[in-house]
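To keep things clear, I will list the structure first and then write my remarks on it.
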Amino acid sequence: MVEPQFLGRTGIAMDDLLNDFLAETAEILAEAGGAIVAWEADPADRAQLDAIFRLVHTIKGSSGFLALPRVTALSHAAEDALDQVRRGNRPANATLVTGVLGILDRLGDLCTALSQDGVEPAGDDRDVIGALAGDIPEDAPFEVAGVPLRRDDDFSAELQSWRSIRVPLPLLDSVMTGVTDIVLARNEFARMLRESGADLSVIASFDRLSDSIAGMRQSVSQMRMQRIDKLFAPLPRIVRDLAKDMGKKIAFQTSGGEVELDREMMENIRDPLIHIVRNAIDHGIEPLEDRVAAGKDITATISVSARQSGNQIEIEVRDDGRGLSPDALTAKAIASRLLTATEARALAPKDKLDLIFRPGFSTAAKITAVSGRGVGMDIVKANVEKIGGIVELRNEEGRGLAILLRVPMTLTIISGLMVRAAGQYFAIPRGAVREILLENGDTVRIDRLGGGELATVRGEQFPLLRLENILGRQRDEGDDNDDRALVIVRPGQGQSYALSVAAIHDHEELVIKPAAPMIMATGLYAGTTLPDNGRPVLLLDVQGLLATAAIDASEAGRSHDRMAEAEAEAVAARNAVQLLLFRDMNSRVRGVRLPVIERVEEVPASALFESAGRVRAQIGDDIFPVHAAAPPGGEGTLKLLRLYDGRSVLCYPIAEVIDIVRLPDAVQPSAAPGLIAGVVLVGGEPVELIDPFWLMEQYAAGAPAPALRQPLCRLADDHDGWGGNFLAPILRNAGYRVALGDDASDEAPDVLLCLTEEGGSCGHAGDGVPVIRLRTSIAAAGPEDETVYRYDRQALLDALRRQVGGESA
Amino acid sequence: MMDKLYLIARIADTRVALRSRAINSVVTVGTPVEVPAAPPHVAGLFALRSRVFTLIDPHVVIGLPAVPVAPGQRVVVVDVAEHGYALLADEIEDVCFIDAAETRIAGKLLPGWARVADAMIEHRGSSLLVVDPANFITLPALKAA
């Protein structure tokens with residue numbers, strides 16, 4: 001055993017061991033944090049518990065070998081506690097989970113100190129170990145509502161990955177560079193082979209070489225790739241701790257963890273991602289009472305999902321909180337003097353949202369300890385853009401916010417658009433290109449004003465830059481004017497311009513290398529690349545071109561046409577009917593107009609029951625009819641769409657909500673009225689459209705539809721309580737409000753029911769209030785008798801309807 | 001020994017001895033790709049063994065008018081600060097060891113040469129300016145700054 005004080009000073013072998021331990025432990029801690037939170041959500045998950053136990057055990061084992069007594073003691077305590085749970089001697093509760101997390105935190109601190117000093121710092125860990133033992137009383141168990149954070153098979157796959165070797169990153173980088181060079185050399189060689197007219201056998205063997213180089217390039221790229229799971233791993237822990245601190249209930253979900261991303265990109269988006277998640281918890285999710293008031297589920301949902309789209313990775317952080325309020329943002333921006341009121345008025349709704357990206361802007365009314373620490377969305381945006389990514393907001397005010405990070409998969413290879421100008425080729429990063437148009441096209445109008453040029457594309461105006469002019473070159477005489485094209489470039493948020501080029505060539509995946517310093521210093525170029533033809537091509541710096549041309553490419557207030565158009569578009573979008581797509585209980589994809597849906601409920605299957613031949617659902621204190629032949633029975637929960645027609649509610653059971661889309665204009669109606677109103681095509685797939693009219697019709701009949709203003713029915717002379725006990729429930733069911741004779745009510749009744757046959761005390765009716773007299777005998781006194789037999793329900797209701805003017809019909 | 005190895009070439013109408021330490025190779029180039037708006041001594045880009053090199057015209061560095069690049073012209077490939085450059089040479093004469101010591105420059109040079117030349121050296125009965133190839137590349141950048 002090596003004495004601790006020698007550690008890290010005793011030579012390279014020990015340093016390597018320690019570094020391996022630190023790297024491995026850092027990964028384990030991140031994994032374990034997430035795993036424990038997942039397990040807390042489902043303490044019955046034995047496999048998860050075992051996995052956590054193994055992780056902690058691994059740390060203990062390695063630390064013992066390296067003689068790190070504090071680490072060993074800490075991991076031993078956690079392992080011990082988890083073992084107690086495994087043996088059933090100890091319940092899995094919040095105290096335990098918080099205790100274990102506390103230990104993991106302490107381990108993390110120790111590792112940080114170790115990596116800096118190479119020596120385990122002296123200190124006392126009895127506090128965290130004691131907390132784990134449960135000495136410190138803890139408040140009521142904290143409930144994390146949750147969906148399992150990862151699939152079990154994911155987890156075992158993760159454990160498998162411990163069987164790996166560690167390679168220093170610079171070595172990996174140099175292999176990557178080497179392979180990139182090989183690829184470029186291959187391209188050049190291929191070109192030379194073609195030109196030399198080599199014979200077929202040479203070309204065939206070159207092709208073989210070429211294939212294996214392509215394969216190798218693929219593998220090397222993969223070496224740098226890591227599952228994005230790694231990036232997501234610390235998030236459940238962050239969400240749990242923050243939610244707990246702030247007294248919010250949050251279900252956290254991740255998906256797409258199998259998507260792979262370049263390691264370096266991952267480092268670059270880690271902080272922005274964490275910041276966005278913190279923001280969502282702190283600012284996005286409302287306090288519990290606000291959620292209740294807004295009719296939302298108390299448990300908020302934050303989901304982080306990743307997906308690959310071409311050469312890009314999209315990471316979306318979505319919450320169902322309050323969303324962003326453009327007006328509140330504007331007011332805030334004016335208050336913090338980022339903007340004048342005049343400027344604010346000129347902003348389109350989207351630009352108002354983009355205010356959160358302004359430096360010095362913080363959306364919270366007051367700065368909180370959580371996210372208001374001077375790191376704003378401007379930093380997030382800057383960091384993402386630094387690596388060639390973009391940040392997008394998808395806001396639904398009051399219903400949630402989704403922030404989308406779109407980043408390239410790797411740093412070095414980009415998709416480029418090749419254009420020609422002044423007789424040579426240039427590349428433009430594809431990500432910055434919004435649209436490509438022919439300059440002579442019908443949709444383009446070019447105006448010269450005051451020496452400048454302006455392109456108007458479908459009513460939208462762009463400053464026009466001619467690439468030859470910026471580069472200080474003459475147009476090539478060989479260029480055909482009909483080839484000239486406009487590339488609408490969007491170099492950053494809220495900026496765009498039209499770049500006129502002699503011709504568009506094609507798209508290529510380009511390996512970008514930095515150009516020589518004196519070329520970069522021109523500000524026009526972002527690097528060089530070598531396409532297959534072997535002639536170097538300069539990559540244009542789309543932001544730098546702007547700076548050189550010294551034009552203002554800001555979209556704000558640029559064009560009234562465009563603003564009017566944007567307004568019109570926004571109005572159209574608001575007016576457009578949205579369609580909720582869902583999978584029904586028989587796995588069919590169906591849709592229903594979104595406004596019909598009051599909300600989506602998730603209820604336990606046991607909340608559905610059958611009564612009087614109808615399936616009903618109990619939700620809270622209310623009972624609603626359900627469109628189903630029989631209660632589903634069984635365990636678990638199911639989702640109900642709550643259809644609301646302004647008066648009554650009908651529940652429609654579904655398997656899951658798929659999406660919300662714009663309702664297509666073309667609906668193929670069904671032949672006969674029924675549940676299905678027609679069929680529409682959504683994304684090329686037929687979707688059955690539910691007919692809410694028909695549905696409601698089926699269930700409205702028997703339902704006591706509460707009228708908007710229920711007529712008031714006063715019972716007079718109810719001496720024996722028959723009116724209150726026998727009659728009033730019937731009336732209430734039929735949609736009347738009932739006032740008993742002795743209620744002191746200021747409101748004039750719509751109808752007066754006299755329960756005595758003798759005219760006597762019904763005298764106070766007056767004021768033209770209709771009176772219905774009830775008689776106790778089944779037979780009428782005579783043809784003039786307008787009284788109603790008191791057990792003739794139908795006659796009574798008919799009489800009421802006549803008198804009140806059919807208001808309750 | 002490497003310290004004594006020089007590449008004798010005619011650059012910008014002057015015979016010089018280039019210190020060989022930074023020299024990568026001597027190659028011929030085809031038509032380079034122009035770099036619009038680049039400083040005047042950048043004669044263009046060309047690819048060699050899948051690397052992109054920046055072609056430097058020493059005439060401009062010295063203060064002479066630029067010369068057009070002739071296809072098949074020989075260039076001296078050098079690495080400076082991890083970037084690849086190539087110096088246009090009028091003529092490449094020889095690579096050889098020179099035992100004589102580098103001496104301080106005597107006499108007055110044109111301002112351009114005075115900026116790039118480090119010393120003089122005696123070789124086969126004539127005096128040559130000793131130049132570090134990096135001077136052709138970094139100097140104009142300093143001048144511009």
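The sequence lines fix the lettering, A, B, ..., with proteins before strands; numbering per chain opens at 1.
Top candidate by heavy-atom pairs under 4.5 Å with chain B, chosen from A:G423, A:G472, A:A516, is A:A516.
Interface remark: A:F189 contributes no atoms to any contact with chain B (heavy atom separation under 4.5 Å). In this structure, chain B has no heavy atom under 4.5 Å from any part of A:Y425. Of the atoms belonging to A:A422, not a single heavy atom falls under 4.5 Å from chain B. If you measure heavy-atom distances from B:V35 to chain A, the contacts under 4.5 Å come from both the backbone and the side chain. Residue B:F46 touches chain A through its backbone alone, counting heavy-atom pairs closer than 4.5 Å.
Residues A:T522 and B:A37 share a closest heavy-atom pair of CG2-O, 3.3 Å. Shown here for B:V52 and A:L530, the closest heavy-atom pair between the two residues is CG2-CD1, 4.2 Å. Minimum heavy-atom separation, A:L538 to B:P36: CD1-CD, 4.3 Å. Among all heavy-atom pairs drawn from A:P536 and B:A47, the shortest one is CG-N, 3.7 Å.
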Chi angles and distances behind the side-chain contact (heavy atoms from CB on, under 4.5 Å) call for B:L45, A:I519: CA-CA 10 Å; B:L45 300 175; A:I519 294 176; 3.7 Å; yes
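Environment of CD in A:Q474: sparse, with no more than 12 heavy atoms of neighbouring residues, nucleotides or ligands closer than 6.0 Å.
Counting heavy atoms from C-beta on, the side chains of A:M518 and B:I56 come closer than 4.5 Å.
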